Enquirer: 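Input: one structure, supplied below.
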Amino acid sequence: MMLAMFLIATVSGAAGKKANILFLASDDMRPEMSPYGNTYMKTPNFQALADDGFHFRRCYVQQALCAPSRTVLLTGRRPDTSRVWTIGPYFRYTTGRNWTTLPQFFKEAGYRAIGHGKIFHEGNASGWPLDQDQEFGSWSVPYFHPTDEYNKFNKSNPAPCEPNFGCAMSPYSNIGIDEPWETFNDAKSALRAIEWINNASQYEEPFFLAVGFHRPHIPYVYPKEFEYQGDVNFPPKDYFITENVPPMAPHDWTGEGMRYADLRAIRPPIHRFESEFQQNLSTLCEEVPLDKQAEMKRSYYSCIQYVDHLVGQLVGALKTNNLYEDTTIIFWGDHGYKLGEHCDWFKHDNYEDSTRIPLLLKPANAHRTRWGISATGKEIGQLVEEIDIFPSLIELAGLTIPPDLQGTSWVPLLTDESAPGKSIVFSQYPHYSDAHKHSVMGYSMRTAQWRYTEWRQFNCSTMNPMSNCPTNTDALPQWGDSELWGVELYDHTGDPSSSWGDYENVNLAYDQDHADTVKQLHETLHSSWVLPQA
């Protein structure tokens with residue numbers, strides 16, 4: 001699919017030899033690990049990657065939800081271009097039938113592209129029943145899916161069904177299981193990938209080896225040996241609803257929580273209708289007992305420590321096979337996460353906690369030599385976006401970036417600490433406004449100092465976007481054609497991006513002292529928002 005003019009060879013070590021790429025992803029992992037200053041977490045393998053390379057402190061997703069976020073990263077297109085604003089639509093059936101994905105690009109450049117676990121969002125969002133974009137040629141070999149979704153645990157503890165609520169997805173939202181770590185799904189993906197690493201010498205082409213971990217996505221199921229032993233500190237310091245926040249802006253996590261039988265068993269039932277929530281946002285802070293939420297948070301941390309162990313297994317295999325120095329390793333999360341901040345859990349909004357992700361990079365020696373990268377253990381504090389990962393990996397490998405990608409390479413930041421990075425990064429999220437009885441889109445931008453968001457009428461169907469928004473014009477933000485239904489402004493002056501709960505607690509958008517700032521950011525948002533492209 002990609003024109004040959006975009007593919008040029010990159011030299012690594014021996015003549016004609018290209019460096020490998022180990023492409024690691026995690027579902028729902030926020031940047032709460034030791035490289036980001038959170039030393040209470042036992043994440044030595046994440047730390048080792050950061051010590052040998054870089055960690056990006058301010059990398060933001062374009063939408064804080066699995067399928068849209070992964071579509072952005074793997075296609076290099078923003079949500080308004082792909083029309084993927086929720087879980088369900090597949091970019092090949094919206095606007096991207098002929099796009100070349102990230103693994104597909106490397107496959108066409110002469111790499112063996114191999115996938116495991118969750119890279120694209122699973123199911124219909126990536127072409128079910130042959131999902132992970134296999135039908136359209138993203139991979140060199142059949143994709144590997146681990147079996148037994150939640151280990152033997154779910155089989156011996158079936159989730160109950162109720163007449164009013166249907167069947168729960170899982171009997172528990174969180175649990176540590178005393179079984180060998182190798183028997184869990186994510187371990188199966190890692191171990192299969194290690195088999196490829198062990199046999200890499202049999203193949204002439206370099207590998208683009210992708211491993212997607214399901215954890216720490218709920219249910220927080222993990223091997224007991226990785227249980228977090230430190231203090232959980234719950235509730236967080238911002239266990240309250242943001243002051244003066246527009247009612248359509250926050251997310252109510254209890255509907256998703258009802259998928260898990262232990263949360264469903266809480267009485268009175270924890271979930272309320274959207275209208276009830278938006279009319280009294282503070283009810284969210286009273287729904288789930290604090291001790292249960294603390295237990296969930298401990299399990300979430302335990303899942304992170306388990307994923308760190310699996311990363312260590314993969315890196316160890318590279319070293320055993322003398323491939324570590326010849327392999328660029330990148331680790332990313334598909335969005336941020338809330339663990340009780342603003343009384344909410346999960347993602348599904350435009351808050352800082354939901355949109356900021358972990359991003360670690362350890363360049364191969366050949367890539368260091370090509371670009372003159374000498375630094376190790378460096379923090380990159382400039383603003384970048386997840387959409388920048390696609391063009392950055394291409395440039396790092398010495399290939400030509402296709403002109404239709406909507407991101408910008410951050411390779412210059414690896415060699416020049418004074419390089420500016422981006423002045424603005426963008427996120428968005430569709431919600432429903434009960435007051436207006438209409439769908440809304442929150443268009444959000446982050447600068448070095450401010451987060452500014454406008455909530456505007458949104459007329460596209462998220463589940464069937466081509467039914468009423470088939471053209472790029474249909475998907476344009478309605479800056480001048482709709483009322484402004486909500487505005488948010490948060491001051492991030494002094495924010496080290498290493499803690500939670502200190503910012504975005506008071507919406508300043510309606511404060512007259514900040515009227516000039518709102519006006520300026522309003523104009524910047526409208527003039528700078530990246531429009532959908534053909």
Side-chain angles (χ1 to χ4, degrees), residues 8-24 31 33-37 39 43-59 102 106 109 111 197 200 206-209 308 311-312 314-332 357-401 407-423 425 448 496-498:
I8 60 174
T10 179
V11 177
S12 167
K17 181 68 174 176
K18 302 174 184 176
N20 305 301
I21 296 175
L22 180 59
F23 186 78
L24 305 177
M33 53 185 71
S34 56
Y36 291 88
T39 54
T43 53
N45 297 296
F46 288 138
Q47 187 65 55
L49 282 183
D51 289 344
D52 274 0
F54 303 85
H55 69 280
F56 293 74
R57 185 166 291 278
R58 293 183 175 90
C59 182
L102 176 58
F106 280 97
Y111 291 70
I197 293 172
F207 59 70
F208 178 94
L209 186 61
D308 175 85
V311 170
L314 289 159
V315 171
L318 290 175
K319 292 181 176 179
T320 298
N321 289 278
N322 296 317
L323 292 172
Y324 181 73
E325 303 296 343
D326 295 329
T327 303
T328 283
I329 305 172
I330 187 166
F331 178 92
W332 53 275
I357 64 170
L359 177 59
L360 309 176
L361 177 77
K362 193 284 296 182
N365 281 355
H367 295 164
R368 284 185 172 277
T369 299
R370 170 177 288 277
W371 296 106
I373 302 169
S374 59
T376 58
K378 288 292 186 178
E379 171 185 294
I380 294 179
Q382 293 93 328
L383 297 173
V384 299
E385 299 177 291
E386 67 162 338
I387 200 169
D388 301 330
I389 293 175
F390 193 157
S392 300
L393 286 180
I394 291 174
E395 183 170 31
L396 192 64
L399 305 172
T400 301
I401 300 172
T408 304
S409 172
W410 33 246
V411 168
L413 301 180
L414 306 181
T415 59
D416 183 0
E417 294 183 7
S418 64
K422 290 185 168 179
S423 60
V425 294
S497 296
S498 61

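If you're wondering where the values come from, they're calculated on a predicted model, not measured in any experiment. Note that these values count all heavy atoms, side chains included, but never hydrogens, waters or copies made by symmetry.
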Enquirer: Kindly indicate whether the side chain of P358, heavy atoms from C-beta on, has any atom under 4.5 Å from the side chain of Y36.
Expert: yes

Enquirer: For the side chain of D308 and the backbone of F46, is there at least one donor-acceptor N/O pair under 3.5 Å apart?
Expert: yes

Enquirer: Taking all heavy atoms of A366 and all of A19, pick out the closest pair and write down the distance.
Expert: CB-CB, 4.3 Å

Enquirer: Atom OG of S392 and atom CD1 of I401: how far apart are they, to the nearest 0.5 Å?
Expert: 7.0 Å

Enquirer: List the atom of A375, the atom of R368, and the distance in Å for their closest heavy-atom pair.
Expert: O-NH1, 2.8 Å

Enquirer: Using side-chain heavy atoms (C-beta onward) and a distance below 4.5 Å, is I197 in contact with L318?
Expert: yes

Enquirer: What pairs of residues pass the salt bridge (Lys or Arg N to Asp or Glu O under 4.0 Å) test when at least one of them lies in residues 379-393, not counting sequence neighbours?
Expert: R57-E379, R78-E385, E385-K422, D388-K422

Enquirer: Within the structure provided, determine whether I329 and F23 are in side-chain contact (heavy-atom separation under 4.5 Å).
Expert: no

Enquirer: Taking A364's backbone N and O only, do any of them form a donor-acceptor pair with T328's side chain (distance below 3.5 Å, no angle check)?
Expert: yes

Enquirer: Would you sort out whether W332 and L24 count as a side-chain contact (heavy atoms from CB on, under 4.5 Å), showing the intermediate values?
Expert: CA-CA 6 Å; W332 53 275; L24 305 177; over 6 Å; no

Enquirer: Judged by atom type as modelled, is there a donor-acceptor pair below 3.5 Å linking the side chain of N321 to the main-chain atoms of L323?
Expert: no

Enquirer: F106: what forms a ring pair (Phe, Tyr, Trp, His ring centres under 6.0 Å) with it, not counting sequence neighbours?
Expert: Y111, F208

Enquirer: At their closest point, which heavy atom of L360 faces which heavy atom of A50, and how far apart are they?
Expert: CD2-CB, 4.4 Å

Enquirer: With rounding to the nearest 0.5 Å, note down the distance linking CG in L49 to CG in L361.
Expert: 9.0 Å

Enquirer: Is there a donor in the side chain of D326 and an acceptor in the side chain of N20, or the other way round, less than 3.5 Å apart?
Expert: no

Enquirer: Measuring only between side-chain heavy atoms, which start at C-beta, is I389 closer than 4.5 Å to I330?
Expert: yes

Enquirer: Is NZ or CZ of K18 both nearer than 6.0 Å to the six-membered ring centre of F207 and within 45° of the ring axis?
Expert: no

Enquirer: Has the side chain of Q382 got a donor or acceptor atom that lies under 3.5 Å from a matching backbone atom of F56?
Expert: no

Enquirer: Between I380 and L414, is there a side-chain heavy-atom distance shorter than 4.5 Å?
Expert: yes

Enquirer: Could you give me the CA-CA distance, side-chain angles and deciding distance for E325 and K319, then say whether salt bridge (Lys or Arg N to Asp or Glu O under 4.0 Å) is met?
Expert: CA-CA 8 Å; E325 303 296 343; K319 292 181 176 179; over 6 Å; no

Enquirer: Could you tell me if the side chain of W410 sits less than 4.5 Å from the side chain of P391, heavy atoms only?
Expert: no

Enquirer: When you check the side-chain N and O atoms of T43 and S34, is any donor under 3.5 Å from an acceptor?
Expert: yes

Enquirer: Hey, could you give me the CG/CD1 distance between L102 and I394, rounded to the nearest 0.5 Å?
Expert: 6.5 Å

Enquirer: Can you name the closest pair of heavy atoms from F54 and P363 and give their distance?
Expert: CE1-CG, 4.0 Å

Enquirer: Do you know which two heavy atoms are closest between T327 and L22, and how far apart they sit?
Expert: CG2-N, 3.7 Å

Enquirer: Is a side-chain donor or acceptor of K378 paired with a backbone partner of D51 at a separation under 3.5 angstrom?
Expert: no

Enquirer: Side-chain contact, heavy-atom cut-off 4.5 Å: L413 with V384?
Expert: yes

Enquirer: Looking at every heavy atom in both L396 and R370, which two are closest together, and how far apart are they?
Expert: O-CD, 3.9 Å

Enquirer: Can you list everything that forms a side chain to side chain contact (heavy atoms under 4.5 Å, CB included) with P412? Sequence neighbours excluded, please.
Expert: E395, S409

Enquirer: Using the side-chain contact (heavy atoms from CB on, under 4.5 Å) rule, take D52 and T376 through it: C-alpha gap first, then chi angles, then the decisive distance, then the call.
Expert: CA-CA 5 Å; D52 274 0; T376 58; 5.6 Å; no

